[in-house]
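Below is one structure, written out as structure tokens; comments come after it.
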Number of protein chains: 2
Amino acid sequence: MSDSRTHPLNLLVRKLDQWNPLSDDDCNAVRALPFTRRQLKAGEHVVWDGDRPQNACLILSGFAYRYKVAGNGGRQIMSIHMKGDIVDLQNSLLGVADHNVQMLSAGHIALIPVEAVRDIAFSRPAVGMGMWYETLVEGSIFREWILNIGRRNAIVRVGHLLCEFAMRMEASELGKQTEYELPITQEQLADAVALTSVHVNRTLMKLEELGYISRTRRRITINDWHKMAVLADFQPRYLHLRMDARN
Amino acid sequence: MSDSRTHPLNLLVRKLDQWNPLSDDDCNAVRALPFTRRQLKAGEHVVWDGDRPQNACLILSGFAYRYKVAGNGGRQIMSIHMKGDIVDLQNSLLGVADHNVQMLSAGHIALIPVEAVRDIAFSRPAVGMGMWYETLVEGSIFREWILNIGRRNAIVRVGHLLCEFAMRMEASELGKQTEYELPITQEQLADAVALTSVHVNRTLMKLEELGYISRTRRRITINDWHKMAVLADFQPRYLHLRMDARN
DNA sequence: CGCTCGTTTGATATATTTCAAGAATTGTGG
DNA sequence: CCACAATTCTTGAAATATATCAAACGAGCG
């Protein structure tokens, strides 16, 4: 395949292969999936709660997040996604979306028709297994967030989220584990950790004051990874990353 | 199949068929899966965090829950399972368990070797799709729990959990939507909704005092489903139940 | 350069936790 | 079947983490 290096779906190949090794044929089949590319602005919605999406959505660039809104108006972000993540496999396979997906920053996505996803998943078990893994790992991250929000206090909680980003950013080659740029406001951060933006602000300042992090606008630096991981009660096993078990 | 009515794996057939219709052949193939039956006491662990489980586990009777423990000792229950649920598909497929699974009450489980699960999932797409759905729906429930714990106050939160149980119990034919028995202590309930057992106690009493529920020991009666659903901000779509869309 | 959005700061309010002890219920061995 | 032990539930008072409200400050942007 002449375009095998620059092909947008290579991101998908890489992701799936990471979870479950693919043969060359599998890789080519994934690259041969039909898709349409779209450019989205920050704040644009990929899916609305209640929709019946017809496509799975692969993030090519930029960041996105899933969220729900409670009856009292409170918003809760349930996950944050970056380049290479497949959002909306859930929503499209389950038929009707049970949550919203919105772009955090401007970015590109690839839309792949559900039927094509379904077909390749079962005609090529390795591909299917990779997709299944992807959803299983997401489940694992959801569980950790439940623990994080449910049982950790503000400073540990925010610290934990910063650590998670750090590892995932590095795994996606979007930054180093100890330094990365995340285009998120404190209000959005608050909605992710179930705190108030005011309290998130105070918490970030305390993390900085205590020497755990440095920050300039949207850039986070974790000064001492080990110290931070201890404070943040962060054990990355739940991410199920197959990297050379650094850390 | 002479034993097709009493066969333990019928529970699995039913569950998978609910998510994605199975052919007769598929049903028989599921029933033909190898498995071992085990009886567990209340409090026994099905899997420990860090284990490398070799089996997927189907609950035949009794209740179980998944939990994690934070560094500060706080315990968080992430899901509660009943007859017909498949726990530990996650843990066994992902290789190393990222959370604990423990029996809430005494009960029976069927252990199915992972390889057999993996094989049937890809040799029989309808079965595989059903399993995938199962994990997707679980993901959806996790997301709702994140919202519940993150953005709802005590009374709404507890109410929401009671509503969820109500629907799931009825869907599993373990009780009526408005009345069911759940062998859970207030301490465990507290660990599920991320509150203190003391506060859960006060909250249950308030729910009772306000007329939303009645209770005798472990039996919960929801006096007026609609009123309760409104209070509890409960919209069951996230359960993705395929029942005749009651409610 | 002025506007808007995001961050920072302060004072006060409140939901939930913590600690502690008593009451009720369930389980158990004799 | 009773008596005792062990959980579980209930209640109260005090402590605290986080929310709320409101205003000032700063930075990026058209």
Side-chain angles (χ1 to χ4, degrees), chain A residues 41-43 63 70 72-77 104-106 148-162 181-210 213-220 231 233, chain B residues 41-43 63 70 72-77 102-106 148-162 181-210 213-220 231 233:
Chain A
K41 290 199 270 276
F63 294 85
N72 61 13
R75 182 174 77 152
Q76 179 65 46
I77 292 178
L104 188 56
S105 62
N148 200 38
I149 292 173
R151 290 302 184 204
R152 295 193 182 111
N153 66 18
I155 194 166
V156 183
R157 197 136 121 207
V158 171
H160 193 277
L161 193 65
L162 295 182
E181 193 145 352
L182 189 67
I184 198 174
T185 67
Q186 293 182 5
E187 180 127 23
Q188 290 161 332
L189 211 53
D191 285 341
V193 291
L195 293 169
T196 295
S197 67
V198 171
H199 204 61
V200 161
N201 178 267
R202 296 200 233 261
T203 304
L204 286 172
M205 294 183 76
K206 180 168 271 183
L207 278 169
E208 195 167 22
E209 184 188 315
L210 295 177
I213 63 171
S214 313
R215 66 209 167 99
T216 62
R217 193 115 201 84
R218 293 289 153 78
R219 172 167 293 272
I220 296 283
L231 168 82
D233 193 17
Chain B
K41 290 199 270 276
F63 294 85
N72 60 14
R75 183 175 76 152
Q76 179 65 46
I77 293 178
Q102 187 176 19
M103 292 304 286
L104 188 54
S105 62
N148 201 37
I149 292 172
R151 290 302 183 204
R152 296 193 181 112
N153 66 19
I155 195 165
V156 183
R157 198 136 120 208
V158 171
H160 193 278
L161 193 65
L162 295 182
E181 192 144 354
L182 190 66
I184 198 175
T185 67
Q186 293 181 6
E187 179 127 25
Q188 291 160 331
L189 212 53
D191 285 341
V193 291
L195 293 168
T196 295
S197 66
V198 171
H199 204 60
V200 162
N201 178 266
R202 297 198 231 263
T203 304
L204 285 172
M205 294 183 76
K206 180 168 270 182
L207 278 170
E208 195 168 22
E209 184 188 314
L210 295 177
I213 63 171
S214 314
R215 67 208 167 97
T216 62
R217 194 110 200 89
R218 296 286 155 78
R219 172 167 293 271
I220 296 284
L231 168 83
D233 192 16

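Every chain is numbered from 1, with letters handed out A, B, ... down the list of sequences.
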At less than 4.0 Å, is any side-chain N or O atom of A:Arg215 found next to OP1 or OP2 of C:dT8? Yes or no. yes
For B:Leu161 and B:Ala192, work out which heavy atoms get closest and say how close. CD2-CB, 4.1 Å
Taking the side chain of B:Met205 as heavy atoms from C-beta outward, which of D:dT10, D:dA19, C:dT16 is closest to it? D:dT10
Of B:Gln186 and B:Arg202, the one whose nearest nucleotide on DNA chain D sits closer to the 5' end is B:Gln186
So what does B:Arg157 touch, heavy atoms closer than 4.0 Å: a base, only the sugar-phosphate, or nothing? nothing
Can you check the A:Ile149 CD1 to D:dA17 C1' distance for me, whole Å? 17 Å
Sugar-phosphate only, base, or nothing, as touched by A:Thr196 at under 4.0 Å among non-hydrogen atoms: base
Nearest heavy atoms of A:Leu195 and B:Arg151, plus distance in Å: O-NH2, 3.1 Å
To the nearest angstrom, how far is A:Leu204 atom CG from C:dT7 atom P? 9 Å
Does A:Asn201 have a side-chain nitrogen or oxygen under 4.0 Å from the phosphate oxygens OP1 or OP2 of C:dT7? no
Can you tell me the distance, in whole Å, between the NZ atom of B:Lys41 and the P atom of C:dG27? 16 Å
If each of A:Val198 and A:Asn153 is mapped to the nucleotide of DNA chain D with the nearest heavy atom, which maps nearer the 5' terminus, i.e. the 5' end? A:Asn153
Side chain of B:Ala154 only, heavy atoms from C-beta on: which candidate in C:dT16, C:dT7, D:dA19 is closest? C:dT16
Can you give me the closest heavy-atom contact between A:Arg157 and A:Arg152, atom names plus distance? NH1-O, 2.7 Å
Spacing between A:Asn72 atom CG and D:dA19 atom C1', to the nearest angstrom: 13 Å
